Amino acid sequence: MQIFLDIATEAALAAGVVLQDYLGKLEDAITEKGRPGDLVTAADKASEQVILEILRRHFPQHSILAEESGKLGNQDNEFLWAIDPLDGTTNYAHQYPCFAVSIGLFIQGMPKVGVIYDPFHNELFRAAAGLGATRNRRPIQVSETTELSKSLLVSGFAYDRRETADNNYAEFCHLTHLTQGVRRGGSASLDLAYVACGRLDGYWERGIAPWDVAAGIILVQEAGGKVTAYDGSPIQIESGRILATNGYLHDSLSQTLIQVPPLSTWT
Ligand code: IPD
Ligand code: CA
Ligand code: CA
């Protein structure tokens, strides 16, 4: 595990330098990928190239799933790297300093290694199965909040939110009433990293991709938290739904999420 963690760290730090270099200098190098608001920038692409070069040099046999390049390498290999070269592109394009590089390794389909690097704040989150979770190389743990009414949560909205009634708006409003607040950070990997280090007590989202959460899942687990589907069953990453908490709040948040009243009954 250590070698995977070290190489992923090398790649994340190198990609972070690229993101810092491009920050505020994108000018017209921002385009939409398809859905309105789903941006891609020259920084996403340059960051991804740096990561790919390092991972492929060290692990030429491994499979890769990279947000901007798709599937690469031998897809039958039991090692799969899931790469988000810039998680929080909308924030980044607006120079709102909440974005990160996220690199996760699945081994036989299970998230086992994760590195999330926020270059703006120079925060490096790392975890590997059995090795614990760290922030800037010091151990981290999830929070000890046990009541929803005392919790601070985070969530997000997928790019298809304008096209579906399953857009997370009702869940967001309902939990805003029940808690001390729900943040919308704009970077799923940092949302998970903040749950892992106890700044936030829980996170849920629908419409996420493997590269958004691969690293964050193992980080939360190794920090003592719990990650499942909304209903508490084992997470199916392909479903795009994730619930991650400090563990104490997991059942109450899960129950709340699966029984959210429709927005129309609120007004
Ligand atoms: C997005 C961010 C955001 C989440 C979206 C993701 P991107 O990733 O993680 O917080 O709500 O679902 O797609 O596009 O900035 O890499
Ligand atoms: Ca992302
Ligand atoms: Ca991205």
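The residues of the chain are indexed from 1 along the displayed sequence. When a ligand or atom number is given, it counts from 1 through the structure's own listing order. It should be emphasised that the depicted structure is a prediction, and the values quoted were computed from it without experimental measurement.
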Could an N or O of ligand 1 be found under 3.5 Å from any N or O of [X], whether backbone or side chain?
X: A188; result: yes
X: G88; result: yes
X: D84; result: yes

Quick one: does [X]'s side chain have a donor or acceptor within less than 3.5 Å of a partner on [Y]'s backbone?
X: D87; Y: A188; answer: yes
X: E48; Y: E68; answer: yes
X: N246; Y: T145; answer: yes
X: D44; Y: T41; answer: yes

Parallel, tilted or perpendicular for F4 and F79, by the 30°/60° rule?
tilted
So which protein heavy atom does [atom] come closest to, and at what separation?
atom: atom 8 (O) of ligand 1; answer: D87 OD1, 3.0 Å
atom: atom 11 (O) of ligand 1; answer: E205 OE2, 2.5 Å
atom: atom 6 (C) of ligand 1; answer: D212 OD1, 3.9 Å

I'd like to know whether OH of Y96 has more than 12 heavy-atom contacts from other residues, nucleotides or ligands below 6.0 angstrom.
no
[X], [Y]: one ILVMFWY side-chain cluster at the under-4.5 Å cut-off?
X: I258; Y: V227; value: no
X: V142; Y: L153; value: no
X: W211; Y: I64; value: no

For ligand 1, which atoms have a heavy atom of [X] less than 4.0 angstrom away?
X: R184; result: 3 (C), 4 (C), 10 (O), 11 (O)
X: T89; result: 15 (O)
X: F157; result: 11 (O)
X: S187; result: 9 (O), 10 (O)

Metal-centred angle, the Ca ion (ligand 3) as apex - OD1 of D84, O of L86, 10° resolution:
80°
Can you tell whether the side chains of R199 and E123 come within less than 4.0 Å, N to carboxylate O?
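Salt bridge: yes.
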Salt bridge check: are R206 and D160 linked by an N-O gap of less than 4.0 Å?
yes
To which of G185, S155, G186 does the heavy atom nearest atom 10 (O) of ligand 1 belong?
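Considering heavy atoms of G185, S155, G186, the nearest to atom 10 (O) of ligand 1 sits in G186.
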Tell me which N, O or S atom of D212 sits nearest to the Ca ion (ligand 2).
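That would be atom OD1.
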Just give me the atom name: the N, O or S atom of D87 closest to the Ca ion (ligand 2).
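Among the N, O or S atoms of D87, the one closest to the Ca ion (ligand 2) is OD1.
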Under 4.0 Å, counting heavy atoms only: does Y159 come that close to any atom of ligand 1?
yes
Return yes when L86 approaches ligand 1 closer than 4.0 angstrom through a heavy atom, no otherwise.
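Yes; L86 lies near enough to ligand 1 that a heavy-atom distance drops under 4.0 Å.
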Of all N/O/S atoms in E67, which lies nearest to the Ca ion (ligand 3)?
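Restricting E67 to its N, O and S atoms, the minimum distance to the Ca ion (ligand 3) goes to OE1.
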